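Keep in mind that what you see is a predicted model, and the values were worked out from it rather than measured. Just so you know, these numbers use all the heavy atoms, side chains as well, and skip hydrogens, waters and symmetry mates.
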Amino acid sequence: GGQTTATLAATTIKNNADLTGIFVQMKLTVLKNADPDLIRNIATYANSQNKVKTADLNSSHPFYVRMEEFSRKIYAPLESGQLVQQLWFFERARGQYEQPLMQMTKKQRDDYKLVRPKNKKFTLTDLSKYMNAADMLPHYVSWGGEVNAAHFHNNMLEQWNKDNTVYNELFYKELIAKKILFAYIENVISDQEWYQEKRAYRPQLVAYTFSKLMLEVKNVRRCINFRAIWDLQKVSDAFYKDVALIAKLVFDVLYDDARPTANIETYAKRKECWAAVQKVSYELTDSIREVLISKAEQEVENVQARKEQKFASGISDEVDIFTKGSAYWESLITRGTAQQVINYGEVQMLMNAVHYCNGQYRQLSKHQLKEIARIVALLKENGIE
């Protein structure tokens, strides 16, 4: 009944409809223990009217939540002739962009769209497309939104569990720069005469062109200055010739009569296709080489960004502990002890949270924050939260 309820709410807000006497049937599933896998399965199979996509089920991961938070607070630099700074809107879950508009006046809607123009909205599957193309995985991108998003999610999880501080504000700005470059490549390809003759397989051409460009830049031990693209909110004209030439190179590989797979769409999904594109030699022009940066230059900014994210995450953890209050932490201790889930040392560690909430400690150490998070996860696994 979720969609029905939302529709009824919209009629009340927009048309002042009288809902007296109207009831919506609801199915409620009560879980005795928190089971993320079971919850995902319920979401997947319970709704036969509209398919719940895998990307939607993954969207609650902290990575996507963090990207969403960045997209709501990091304003893009002003472009030439622009009067208002704008936001790139990451729609982590379907409908996030449109939903607030339902309760706004016309003036409020105009202001909302002025700061968050629809052409600056992007979804989870879009994000995955930009990242995998930049990570030289065009064969994954060629599988399309859902499959490609699943590949990106799995790779992201490995990095997140290893060190999530790489997903910081600089990462977000570079993500937007990759989106801008992706769109730029689309436009360059659309301009080419050889493309206009066939007008087919543009998604595959764009992904492969992006990845081949990244590969050639890597081969000369340089890096694309994505931060500069963010700062300018556009791609330098120095990229045009190389993008056009590389795109034609990719086009020739895809349309090669000697390709091992007859169907071009199927061929683009295979590693063999990417291997064939990699083998074709290409030399970057002097114009693009002039705007590239060294790995050392890039790493300096990356290190600083990771430090800032680590500091921000620590503050966020402390705020979360304080917000829950001492009563919450005392309750966890009581229930965890009664059910013999936590030992004496873990009780004492949780008491640090109690003391912090009561103002007895000015701050918590990194070790304490990490241990408290571990114990909370342990309690949650045993149904205590």
(message) Assess, by modelled atom type and distance only, whether the side chains of Tyr267 and His139 contain a donor and an acceptor separated by less than 3.5 Å.
(response) no
(message) Salt bridge check, Glu272 against Arg259: does any charged N sit closer than 4.0 Å to a carboxylate O?
(response) no
(message) Closer than 4.0 angstrom, basic N to acidic O: yes or no for Lys118 and Glu91?
(response) no
(message) For the aromatic rings, using the six-membered ring if either is Trp, is the centroid distance between Tyr195 and Phe251 under 6.0 Å?
(response) no
(message) I'd like to know if Glu371 pairs up with Arg374 as an ion pair, taking the criterion as any Lys NZ or Arg NE/NH1/NH2 lying under 4.0 Å from an Asp or Glu carboxylate oxygen.
(response) yes
(request) Report the residues that fulfil side-chain hydrogen bond (donor to acceptor under 3.5 Å, both in side chains) with Asp252, sequence neighbours left out, ordered by chain and then residue number. (result) Lys248
(message) Distance to the ring centre below 6.0 angstrom and angle to the axis at most 45 degrees; does that hold for Arg66 and Tyr172?
(response) no
(message) By the salt bridge (Lys or Arg N to Asp or Glu O under 4.0 Å) test, which pairs, at least two apart or in different chains, include something from residues 214-228?
(response) Lys212-Glu216, Arg227-Asp231, Arg227-Glu301
(request) Indicate the atoms forming the closest heavy-atom contact of Ile321 with Ala353, along with that distance. (result) CG2-CB, 3.9 Å
(message) Within the 3.5 Å criterion, strictly below it, is a donor on Thr266 or Arg270 matched to an acceptor on the partner's side chain?
(response) no
(message) Ignoring hydrogens, what is the shortest heavy-atom contact between Gln82 and Pro77? Give both atom names and the distance.
(response) OE1-O, 4.1 Å
(message) Between Glu68 and Arg72, does any side-chain N to carboxylate O distance fall below 4.0 Å?
(response) yes
(message) By the definition ring pair (Phe, Tyr, Trp, His ring centres under 6.0 Å), identify the one residue from Tyr140, Phe63, Trp160, Trp143 that meets it with Phe152.
(response) Phe63
(message) Rounded at 0.5 Å granularity, tell me how far NZ in Lys234 sits from OH in Tyr184.
(response) 10.5 Å
(request) Cation-pi check, Lys178 to Phe226: give yes when NZ or CZ is under 6.0 Å from the six-membered ring centre and within 45° of the ring axis, no otherwise. (result) yes
